[in-house]
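Only this structure's heavy atoms are used, side chains among them; waters, hydrogens and symmetry mates stay out. Model, not experiment: these values are computed from the prediction. Residue numbering restarts at 1 for every chain, and letters A, B, ... go by the order of the sequence lines.
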Number of protein chains: 2
Amino acid sequence: MEHEYVAMKGATMKEVAAHAGVALSSVSRVLNNHPDVSEAMKRQVHDAIAAVGYEPNLLASSLRRGSTKTVGFIASDISNPLFAEIVLGAERRLDEAGYSMVLTNSEGNPERDETMIRLLRRRRIDGLILSVADEDRPGTIAELSKLAEPVVLIDREVSGFHTASAVFTDHSGGMRAASEHLLSLGHRRIALISGARSLRPVRERLKGFEAAFQTRSLQVPEDLLRFGSFSAPFGQQATAELLALDDPPTAIISGGNLLLTGVLRALQAGQRSVGRDISLISCDDVPLAELHTPPISVVDRDAVQMGEAAASLLLELLAGGDRPRVAEVPTQLLLRGSTQSLVVD
Amino acid sequence: MEHEYVAMKGATMKEVAAHAGVALSSVSRVLNNHPDVSEAMKRQVHDAIAAVGYEPNLLASSLRRGSTKTVGFIASDISNPLFAEIVLGAERRLDEAGYSMVLTNSEGNPERDETMIRLLRRRRIDGLILSVADEDRPGTIAELSKLAEPVVLIDREVSGFHTASAVFTDHSGGMRAASEHLLSLGHRRIALISGARSLRPVRERLKGFEAAFQTRSLQVPEDLLRFGSFSAPFGQQATAELLALDDPPTAIISGGNLLLTGVLRALQAGQRSVGRDISLISCDDVPLAELHTPPISVVDRDAVQMGEAAASLLLELLAGGDRPRVAEVPTQLLLRGSTQSLVVD
DNA sequence: AACAGTACTGGTAACGTTTTCAGTAGACCA
DNA sequence: TGGTCTACTGAAAACGTTACCAGTACTGTT
């Protein structure tokens with residue numbers, strides 16, 4: 001008696017209506033709590049729902065409504081703990097606004113960026129947050145342009161695509177502070193190891209780096225600049241190369257936490273003691289930097305805040321804001337034991 | 001002439017059909033490359049698609065087909081680099097099989113687990129891979145049971161839910177090896193810091209730990225066991241407590257990389273030198289362990305392989321395999337400088 | 001007593017696909 | 001010439017919702 005109907009796979013609104021002896025549309029109204037429905041009807045329908053084990057079909061609902069209440073997030077590298085924090089911040093804010101997030105990672109592969117944008121577009125997401133792997137790739141730009149929904153870029157400027165909001169980090173400011181600190185310690189041979197130049201953070205950091213030298217009317221050590229990818233192997237290889245130079249650097253700036261592990265491996269292999277033999281600053285704080293011996297100075301930023309800012313910008317656009325906007329999050333130089341005054345021989 | 005129609009927002013198959021002067025069904029056949037369609041028809045339709053800028057609507061398609069070709073992945077903690085690798089492995093394999101993955105994180109919050117399972121179910125995913133935050137939570141079990149689609153658990157055993165496949169890590173074997181190593185170095189006061197006991201890895205590791213003592217007919221140091229959560233703050237707090245004991249441990253085993261950073265912070269604060277004053281082994285290899293001074297011994301495993309295994313098991317079920325299966329991945333003890341022979345006073 | 005208004009409820013047409021079922025036209029064979 | 005076969009195409013019915021448009025039955029007003 002109590003268990004008239006056993007919950008079975010795939011009960012639909014129609015069956016709920018039949019079981020409750022009401023019209024399909026009434027069930028829909030109850031579910032979307034439409035104002036014009038009687039208490040009796042509500043109870044009746046809710047009972048029927050429980051009885052048949054009904055589960056709404058979001059595909060059908062989205063199709064009909066024309067909106068999925070879902071935003072996509074394409075992370076360029078999910079293994080970077082930094083991104084986890086950005087995602088966290090974004091998801092939190094989106095959740096509050098009743099949106100859910102589908103996350104995908106492009107593994108730093110520009111081709112996957114394209115595929116993912118297309119896929120999400122076809123899934124009819126309402127908006128997109130992403131950090132493309134290559135700002136200049138025509139395919140990516142094309143896919144993005146086909147997207148009618150609002151877009152927020154994270155630390156990226158996509159050439160010829162200016163309808164998106166963006167959240168930027170003040171990389172140039174942070175890098176400038178880091179470089180000035182090293183210069184003030186007497187370092188001149190400062191190396192910069194970073195990712196591909198087609199990425200905004202890399203360009204901005206370079207700007208800050210150069211600015212620090214130029215302010216002091218010093219020559220930028222062009223032979224010590226290494227642009228490749230934000231990966232440990234590149235960091236290791238670049239560092240090894242730098243150490244092998246006739247006039248090697250006395251300080252290294254690493255452009256990210258993945259690079260950092262490569263840099264440290266190479267320094268270790270080259271028997272260089274951090275701080276003592278060579279000064280080191282990295283970007284983005286991670287446990288590895290904090291707990292290294294000696295602790296490594298970093299240019300830090302609040303990644304959770306970045307995620308929140310990205311979500312807020314997107315929500316603004318989703319709410320009908322037609323004017324794309326830009327938010328900037330500050331950086332902060334955390335000095336630790338890895339930078340030491342240059343001993344003049 | 002060439003640009004008869006400018007690509008506009010939301011062209012539908014109907015418009016493609018109209019533009020090509022063919023039936024709706026023919027367009028569909030072309031898109032799903034049905035065998036019975038002439039070359040002429042294909043060309044005609046493809047031209048029309050390009051002309052009107054048609055983009056398939058996956059919502060409609062999935063609704064009609066009754067399958068989304070999508071599997072959900074609920075990660076319990078996305079900020080753990082380990083998970084990134086699991087996701088990578090899983091996504092790779094699923095991709096090959098034509099499935100796409102939607103990723104969500106529960107932030108280690110059991111409540112979110114529930115919400116996410118429900119959401120994904122309503123989105124009509126075809127399958128689910130997950131690592132629940134709490135194996136015993138009734139709500140989670142209920143939500144999982146309502147799911148008619150195949151499920152693969154990662155390193156979890158959900159009580160009363162036995163229709164899922166699972167991929168397990170040989171945690172007990174790894175922990176046993178680690179414990180035996182420490183015992184053979186003369187350590188007896190060995191502490192174990194780990195997550196909540198409601199998680200399989202924690203229970204299995206404890207088993208391995210106890211087995212090592214029992215093999216040697218030694219008493220398990222119950223007062224040195226600390227179960228809390230897989231987080232840095234807990235690791236730090238537990239370690240601080242242990243160091244303050246009258247008879248403190250001479251060795252610590254940390255149950256994860258997040259815990260490890262907490263443990264190291266506490267050791268540093270307590271002025272204990274790793275290796276020299278206290279031996280240390282952690283679980284799962286991360287750059288922090290490798291590049292620490294001294295390098296930290298770890299019980300490692302291949303996370304990418306875990307992801308691949310999970311995806312393979314799911315695909316098997318999706319292909320109609322009705323019998324849930326279990327895969328186990330091995331662990332491996334990597335000895336480094338953080339474990340030293342106990343100096344007897 | 002007729003009317004307008006209120007508070008609901010039911011039927012039905014969408015949303016954009018896929019799939020089934022009939023058809024048509026030509027080719028081939030006898 | 002008629003017939004069966006093959007190769008293709010079109011019409012229309014789903015899939016599970018939501019939203020619109022009419023109802024219906026009260027209640028209150030004049």
Nucleotide-level pairing of DNA chain D, given in dot-bracket where Watson-Crick and G-U pairs need both distances under 3.5 Å and | marks other strands: ||||||||||||||||||||||||||||||
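Here the P atom of nucleotide D:dT18 and the CG atom of A:L58 are 9 Å apart, to the nearest Å. Rounding to whole angstrom units, CG of residue A:N57 and C1' of C:dT17 are separated by 14 Å. The separation between A:L59 atom CG and C:dT18 atom C1' is 14 Å, rounded to whole Å. Across the protein-nucleic acid pair, A:H34 atom NE2 and C:dG10 atom P stand 14 Å apart, rounded to whole Å. In this entry the distance linking NZ of A:K42 with C1' of C:dT9 reads 15 Å, nearest Å. One atom, CE of A:M13, and another, C1' of C:dT12, lie 13 Å apart when rounded to the nearest Å. Residue B:L63 contributes atom CG, which lies 14 Å from atom C1' of C:dT19 at whole-angstrom precision. Taking atom CZ of A:R122 as the reference point, atom P of C:dT17 lies 10 Å away to the nearest angstrom.
Residue pairs meeting the salt bridge (charged side-chain N to carboxylate O under 4.0 Å, His left out) criterion with at least one partner in residues 43-68 of chain A, sequence neighbours excluded, are A:E55-B:R121, A:E55-B:R122.
For A:D77, the side-chain contact (heavy atoms from CB on, under 4.5 Å) test picks out A:S79, A:N80, A:L258, with sequence neighbours left out. In this view, A:L24 and A:M13, A:K14, A:A17 satisfy the side-chain contact (heavy atoms from CB on, under 4.5 Å) rule, not counting sequence neighbours. Among residues two or more places apart in sequence or in another chain, the salt bridge (charged side-chain N to carboxylate O under 4.0 Å, His left out) test is passed with B:E96 by none. By the side-chain contact (heavy atoms from CB on, under 4.5 Å) test, B:A60 pairs with A:L63, B:N57, sequence neighbours left out. Every side chain to side chain donor-acceptor pair (under 3.5 Å) that B:S28 has, sequence neighbours left out, goes to B:N32. When the side-chain contact (heavy atoms from CB on, under 4.5 Å) test is applied to A:E308, the partners found at least two apart in sequence or on another chain are A:R92, A:R93, A:V304.
A salt bridge links B:R112 with A:E91; the closest basic N to acidic carboxylate O contact falls under 4.0 Å.
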Show which side-chain atoms of residues 313-326 of chain B pair as donor or acceptor with protein atoms under 3.5 Å away, not counting sequence neighbours.
from: B:E316; atom 1: OE1; to: B:R325; atom 2: NH1; distance (Å): 2.6
from: B:E316; atom 1: OE2; to: B:R325; atom 2: NH1; distance (Å): 3.0

For residues 126-134 of chain A, dump all side-chain donor-acceptor pairs below 3.5 Å to protein atoms at least two apart in sequence or in another chain.
from: A:D126; atom 1: OD1; to: A:T68; atom 2: N; distance (Å): 3.2
from: A:D126; atom 1: OD1; to: A:T68; atom 2: OG1; distance (Å): 3.3
from: A:D126; atom 1: OD2; to: A:S67; atom 2: OG; distance (Å): 3.1
from: A:D126; atom 1: OD2; to: A:T68; atom 2: N; distance (Å): 3.4
from: A:D126; atom 1: OD2; to: A:K69; atom 2: N; distance (Å): 2.7
from: A:S131; atom 1: OG; to: A:I154; atom 2: O; distance (Å): 3.2
from: A:S131; atom 1: OG; to: A:R156; atom 2: NH2; distance (Å): 3.4
from: A:D134; atom 1: OD1; to: A:D136; atom 2: N; distance (Å): 2.9

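The phosphate of D:dG16 (OP1 or OP2) has no side-chain N or O of A:S61 nearer than 4.0 angstrom.
Within 6.0 Å of CD in B:E328 there are more than 12 heavy atoms belonging to other residues, nucleotides or ligands.
Heavy atoms of A:E55 sit under 4.0 angstrom from primed sugar atoms or phosphate atoms, though from no base atom.
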Below 3.5 Å is the cut-off: list the nitrogen or oxygen pairs between protein and nucleotides 6-8 of chain D, distance only.
none

Detail all sub-3.5 Å separations between protein N/O atoms and N/O atoms belonging to nucleotides 19-25 of chain D.
none

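Of the listed nucleotides (C:dG16, D:dA11, D:dT18), D:dA11 has the atom at the smallest distance from the side chain of B:A23.
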